[in-house]
Asks: 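I have a structure I would like to understand better, so I am pasting it below and will then ask my questions one at a time.
By convention here, the first residue in the shown sequence is residue 1.
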Amino acid sequence: MKSPRPSGTENISVSMPSELLGALRSRTGKRGVSAYVTAAVRHQLAMDGLAEIVAAYEAEHEPLSAAEVQAAQRELFGDAPAPYASGDNVV
(Lines give C-alpha, C1' and ligand atoms only; values in the text may rest on other atoms or scores of the structure.)
Protein backbone atom coordinates (compact mmCIF):
# COMPACT_ATOMS: atom_id res chain seq x y z
CA MET A 1 0.00 0.00 0.00
CA LYS A 2 1.31 3.44 -0.93
CA SER A 3 1.83 5.96 1.81
CA PRO A 4 -0.05 9.23 1.38
CA ARG A 5 1.80 12.09 -0.26
CA PRO A 6 3.03 14.85 2.09
CA SER A 7 0.30 17.24 0.89
CA GLY A 8 -2.42 14.86 2.09
CA THR A 9 -3.34 13.77 -1.41
CA GLU A 10 -3.22 10.33 -2.96
CA ASN A 11 -3.11 9.19 -6.54
CA ILE A 12 -6.02 7.06 -7.69
CA SER A 13 -7.11 5.58 -10.97
CA VAL A 14 -10.55 6.45 -12.33
CA SER A 15 -12.20 5.07 -15.44
CA MET A 16 -14.62 7.16 -17.47
CA PRO A 17 -15.92 7.23 -21.03
CA SER A 18 -13.38 8.64 -23.51
CA GLU A 19 -15.70 11.38 -24.76
CA LEU A 20 -16.29 12.56 -21.19
CA LEU A 21 -12.56 12.66 -20.49
CA GLY A 22 -12.00 14.54 -23.74
CA ALA A 23 -14.59 17.15 -22.77
CA LEU A 24 -13.05 17.41 -19.30
CA ARG A 25 -9.54 17.92 -20.64
CA SER A 26 -10.70 20.49 -23.18
CA ARG A 27 -12.32 22.46 -20.37
CA THR A 28 -9.52 22.14 -17.80
CA GLY A 29 -6.32 21.33 -19.63
CA LYS A 30 -4.42 18.21 -18.69
CA ARG A 31 -3.14 19.59 -15.38
CA GLY A 32 -6.53 20.89 -14.21
CA VAL A 33 -8.31 17.53 -14.26
CA SER A 34 -7.54 16.65 -10.63
CA ALA A 35 -8.81 19.98 -9.27
CA TYR A 36 -11.98 19.76 -11.38
CA VAL A 37 -12.72 16.19 -10.31
CA THR A 38 -11.98 17.06 -6.67
CA ALA A 39 -14.46 19.95 -6.82
CA ALA A 40 -17.07 17.71 -8.47
CA VAL A 41 -16.69 15.05 -5.78
CA ARG A 42 -16.93 17.66 -3.01
CA HIS A 43 -20.10 19.01 -4.61
CA GLN A 44 -21.62 15.54 -4.95
CA LEU A 45 -20.82 14.69 -1.32
CA ALA A 46 -22.52 17.92 -0.24
CA MET A 47 -25.58 17.06 -2.36
CA ASP A 48 -25.64 13.54 -0.88
CA GLY A 49 -25.54 15.06 2.62
CA LEU A 50 -28.37 17.44 1.73
CA ALA A 51 -30.42 14.55 0.37
CA GLU A 52 -29.89 12.69 3.65
CA ILE A 53 -31.03 15.73 5.65
CA VAL A 54 -34.15 16.11 3.50
CA ALA A 55 -34.93 12.39 3.72
CA ALA A 56 -34.60 12.44 7.52
CA TYR A 57 -36.85 15.52 7.73
CA GLU A 58 -39.46 13.99 5.44
CA ALA A 59 -39.39 10.69 7.36
CA GLU A 60 -40.20 12.54 10.55
CA HIS A 61 -42.65 15.07 9.08
CA GLU A 62 -44.08 14.95 5.58
CA PRO A 63 -42.67 15.43 2.09
CA LEU A 64 -41.69 18.97 1.22
CA SER A 65 -44.22 20.73 -0.96
CA ALA A 66 -43.33 22.26 -4.31
CA ALA A 67 -43.76 25.71 -2.71
CA GLU A 68 -41.28 24.83 0.06
CA VAL A 69 -38.75 23.57 -2.48
CA GLN A 70 -39.17 26.74 -4.59
CA ALA A 71 -38.73 28.91 -1.48
CA ALA A 72 -35.52 27.07 -0.60
CA GLN A 73 -34.26 27.48 -4.18
CA ARG A 74 -34.97 31.23 -4.04
CA GLU A 75 -33.12 31.48 -0.72
CA LEU A 76 -30.13 29.57 -2.07
CA PHE A 77 -29.95 30.98 -5.60
CA GLY A 78 -31.89 34.25 -5.50
CA ASP A 79 -33.45 35.14 -8.83
CA ALA A 80 -30.93 33.07 -10.79
CA PRO A 81 -32.31 29.85 -12.21
CA ALA A 82 -31.73 27.01 -9.76
CA PRO A 83 -29.30 24.45 -11.16
CA TYR A 84 -31.76 21.61 -10.68
CA ALA A 85 -35.00 23.48 -11.42
CA SER A 86 -35.75 21.23 -14.38
CA GLY A 87 -37.14 18.57 -12.06
CA ASP A 88 -33.98 16.48 -11.99
CA ASN A 89 -34.86 15.59 -8.39
CA VAL A 90 -31.26 15.57 -7.19
CA VAL A 91 -32.27 15.89 -3.55
Side-chain angles (χ1 to χ4, degrees):
M1 183 170 154
K2 284 185 178 178
S3 59
R5 293 163 55 179
S7 63
T9 63
E10 294 183 41
N11 286 331
I12 63 168
S13 176
V14 176
S15 298
M16 67 175 62
S18 296
E19 69 276 0
L20 186 59
L21 181 58
L24 175 61
R25 283 188 173 147
S26 70
R27 184 171 293 271
T28 66
K30 187 175 182 179
R31 300 193 53 86
V33 170
S34 290
Y36 195 94
V37 170
T38 297
V41 170
R42 280 194 176 116
H43 175 78
Q44 186 60 51
L45 290 171
M47 294 299 97
D48 292 349
L50 180 57
E52 291 168 6
I53 291 168
V54 170
Y57 175 87
E58 290 182 335
E60 188 173 321
H61 302 284
E62 59 186 41
L64 295 171
S65 69
E68 290 170 316
V69 171
Q70 289 171 354
Q73 287 174 337
R74 277 193 306 276
E75 188 172 327
L76 290 170
F77 306 110
D79 291 332
Y84 305 111
S86 67
D88 290 343
N89 216 3
V90 175
V91 177

Asks: In the structure I gave you, are the side-chain heavy atoms of V37 and V14 within less than 4.5 Å of one another anywhere?
Replies: no
Asks: Decide if atom CD of E75 counts as having more than 12 heavy atoms of other residues, nucleotides or ligands within a radius under 6.0 Å.
Replies: no
Asks: Give me the atom names and distance for the closest heavy-atom approach of L64 to E58.
Replies: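 For L64 and E58, the tightest heavy-atom pair comes out as N-OE2, 2.8 Å.
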Asks: At what distance, to the nearest 0.5 angstrom, does NE2 of H43 lie from CG of D48?
Replies: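 Rounded to the nearest 0.5 Å, the NE2-CG separation comes out at 9.5 Å.
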Asks: Any link between L45 and L76 through a network of hydrophobic side chains (Ile, Leu, Val, Met, Phe, Trp, Tyr) touching at under 4.5 Å?
Replies: no
Asks: Hydrophobic clustering (ILVMFWY, side-chain heavy atoms < 4.5 Å, transitive) - are M47 and V41 grouped together?
Replies: no
Asks: Considering non-hydrogen atoms only, spot the tightest contact between E62 and Y57 and give its length.
Replies: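 What the structure gives for the nearest pair is O-CE2, 4.0 Å.
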Asks: When rounded to the nearest 0.5 angstrom, what is the spacing between OG in S34 and CD1 in I12?
Replies: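 Between atom OG of S34 and atom CD1 of I12 there are 8.5 Å.
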